[in-house]
*Asks:* 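Have a look at this one.
Each chain gets a letter, A, B and so on, in the order the sequences are listed, and its residues count up from 1.
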Number of protein chains: 2
Amino acid sequence: MGYMTSGSVSAMPDEPMSAAEEDFVRTLGRVMTALPRAVDHDMARSGRLPLSEYTTLMHLSEADGRTLRMSELAAAVNLSLSGMTRIVQRLEGRGLVRRAKCDEDGRGWNAVLTDAGLAALEESWPVHLASVRRHVLDHVADEDLTRLIDVLRRIASAG
Amino acid sequence: MGYMTSGSVSAMPDEPMSAAEEDFVRTLGRVMTALPRAVDHDMARSGRLPLSEYTTLMHLSEADGRTLRMSELAAAVNLSLSGMTRIVQRLEGRGLVRRAKCDEDGRGWNAVLTDAGLAALEESWPVHLASVRRHVLDHVADEDLTRLIDVLRRIASAG
DNA sequence: TCGCTGTATTTGCTGCGTCAAGCAATCACT
DNA sequence: AGTGATTGCTTGACGCAGCAAATACAGCGA
């Protein structure tokens, strides 16, 4: 069990949180609302891609043939299918992404990163990196990183 | 300095992240989008207050005289003034909150938690607690809590 | 081939949050 | 007191994201 041995697992289901737990949850809430806004703000300030578009293009750039099915893309960015549809529509309108019918499955659509899209991504990259460094990485010690990743991963995959 | 000594502070501003940093940032992003949705979903599923309203009422319930100025409330919940205006309007419409002109400053308005509001809050409390436990606290060991709080607090207050 | 069921994606509707503008009341200075 | 600047909050217009209903296609059995 390991990480479960110190009483943090739903002892009495209705027992209130400890002071530390309370503090943790509230601070996490604060981070969750404030941080994306802060990074997004930095991007907008410098005329770069908003976070949702940046992340979308980033995942495309990492994919084989710069291509991903809509559903894969949505899952990667962790967005609803419909949300992804609209983002890709926006990006397509600006020529950063192209759409192509899927060969193996006529129902499917691929989003393909264009050269212009790659350029926009590369242009936004330094701003994004600097923002993330300033808001996040500068506050985390390297020794803590792996442990934190571990915790976050468990939270992320709790469904 | 302490936590800053291990190279995590913007070494060369344009240098890419390390693998661990990358991993951390992506997983954090995943948590930030998935977690509020998951908790909100739990609340909706059981017919309880949505997260934004729950948090608003919670802060009111903790305040002196169950009363807070609009601006204080917005700051506590970490929301824009206008967003808070609308939430309080909704809550007022359902009788969970009452509004009163501020005594010391005629421009100001107070939001006051009503008995019905307190009841709704208490009714939602167990569901919220259970959801938070299941999605968050069950995955964090007590020993890690203080360290995590420390990191999150620095991130939260980075502006 | 004709349907029928299931899957991939899009569209309609709605809620929520932001920014910009507006209104009201207070404050600072004369 | 009187005028102008500032503060506290609300309103209007807008954009983004989610859910649920609609559409398009696949694949299988009669």
*Asks:* Suppose the criterion is ring pair (Phe, Tyr, Trp, His ring centres under 6.0 Å): which pairs have a residue in residues 67-106 of chain A, not counting sequence neighbours?
*Replies:*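 Matches after skipping sequence neighbours: none remain.
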*Asks:* What is the distance from NE2 of B:H41 to P of D:dA17, rounded to the nearest Å?
*Replies:*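 My rounded result for the distance is 19 Å.
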*Asks:* Please state whether the phosphate of C:dC19, meaning OP1 or OP2, lies under 4.0 angstrom from any side-chain nitrogen or oxygen of B:S80.
*Replies:* no
*Asks:* Short of 4.0 Å, heavy atom to strand atom, which residues of residues 81-92 of chain A count as contacting DNA chain C?
*Replies:* A:L81, A:S82, A:T85, A:R86, A:Q89
*Asks:* Using side-chain contact (heavy atoms from CB on, under 4.5 Å) as the criterion, point out the one residue from A:L57, A:V97, A:L79 that pairs with A:I87.
*Replies:*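 Per the side-chain contact (heavy atoms from CB on, under 4.5 Å) rule, the option paired with A:I87 is A:L79, out of A:L57, A:V97, A:L79.
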*Asks:* Just jot down the ring-ring contact (aromatic ring centres under 6.0 Å, His included) partners of A:H128, sequence neighbours excluded, or say none.
*Replies:* A:Y54
*Asks:* For residues 25-37 of chain A, which residues have at least one heavy atom under 4.0 Å from DNA chain D?
*Replies:*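 By residue number: none to list.
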*Asks:* Between B:S124 and B:L121 (side chain of the first, backbone of the second, donor and acceptor by atom type, cut-off under 3.5 Å), is there such a pair?
*Replies:*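 Here the side-chain-to-backbone pair does not exist.
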*Asks:* Does anything in residues 79-118 of chain A form a ring pair (Phe, Tyr, Trp, His ring centres under 6.0 Å)? List the pairs, not counting sequence neighbours.
*Replies:*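 Counting only pairs at least two positions apart or across chains, no ring pair (Phe, Tyr, Trp, His ring centres under 6.0 Å) contact touches residues 79-118 of chain A.
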*Asks:* Of all of residues 45-69 of chain B, which get a heavy atom below 4.0 angstrom from DNA chain C, listed by number?
*Replies:*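 Going residue by residue through residues 45-69 of chain B, none turns out to have a heavy atom under 4.0 Å of DNA chain C.
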*Asks:* Give the rounded distance in Å between these two atoms: CG of B:L79 and P of C:dC19.
*Replies:* 11 Å
*Asks:* Would the distance check show the side chain of A:D40 and the main-chain N or O of A:L51 forming a donor-acceptor pair, the cut-off being under 3.5 Å?
*Replies:*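 Yes, because the side chain of A:D40 sits within donor-acceptor range (under 3.5 Å) of the backbone of A:L51.
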*Asks:* Could you list the donor-acceptor pairs under 3.5 angstrom formed by side chains in residues 30-39 of chain A, with sequence neighbours left out?
*Replies:*
from	atom 1	to	atom 2	distance (Å)
A:T33	OG1	A:R30	O	3.2
A:T33	OG1	B:N78	ND2	2.6
A:R37	NE	A:T33	O	3.3

*Asks:* Is a side-chain donor or acceptor of B:E53 paired with a backbone partner of B:P50 at a separation under 3.5 angstrom?
*Replies:* no
*Asks:* Which residues pass the side-chain hydrogen bond (donor to acceptor under 3.5 Å, both in side chains) test with A:E122, not counting sequence neighbours?
*Replies:* none
*Asks:* Give every residue pair that meets the ring pair (Phe, Tyr, Trp, His ring centres under 6.0 Å) criterion with at least one member in residues 15-36 of chain A, sequence neighbours excluded.
*Replies:* none
*Asks:* Taking side-chain hydrogen bond (donor to acceptor under 3.5 Å, both in side chains) as the definition, give me every residue that meets it alongside A:D115, ordered by chain and number, with sequence neighbours left out.
*Replies:*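 Once residues adjacent in sequence are excluded, the partners of A:D115 under the side-chain hydrogen bond (donor to acceptor under 3.5 Å, both in side chains) criterion are A:R66.
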*Asks:* With a 4.0 Å heavy-atom cut-off, tell me which residues in residues 100-114 of chain A come close to DNA chain D, sorted by residue number.
*Replies:*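 Within residues 100-114 of chain A, the residues near DNA chain D are A:K101, A:D105, A:G106, A:R107.
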*Asks:* Please list, chain by chain and in numerical order, all residues satisfying side-chain hydrogen bond (donor to acceptor under 3.5 Å, both in side chains) with A:E123, sequence neighbours excluded.
*Replies:*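 Here no residue qualifies.
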*Asks:* If you look at every heavy atom in A:H139 and B:I155, which pair is closest and at what distance?
*Replies:* CB-CG1, 4.0 Å
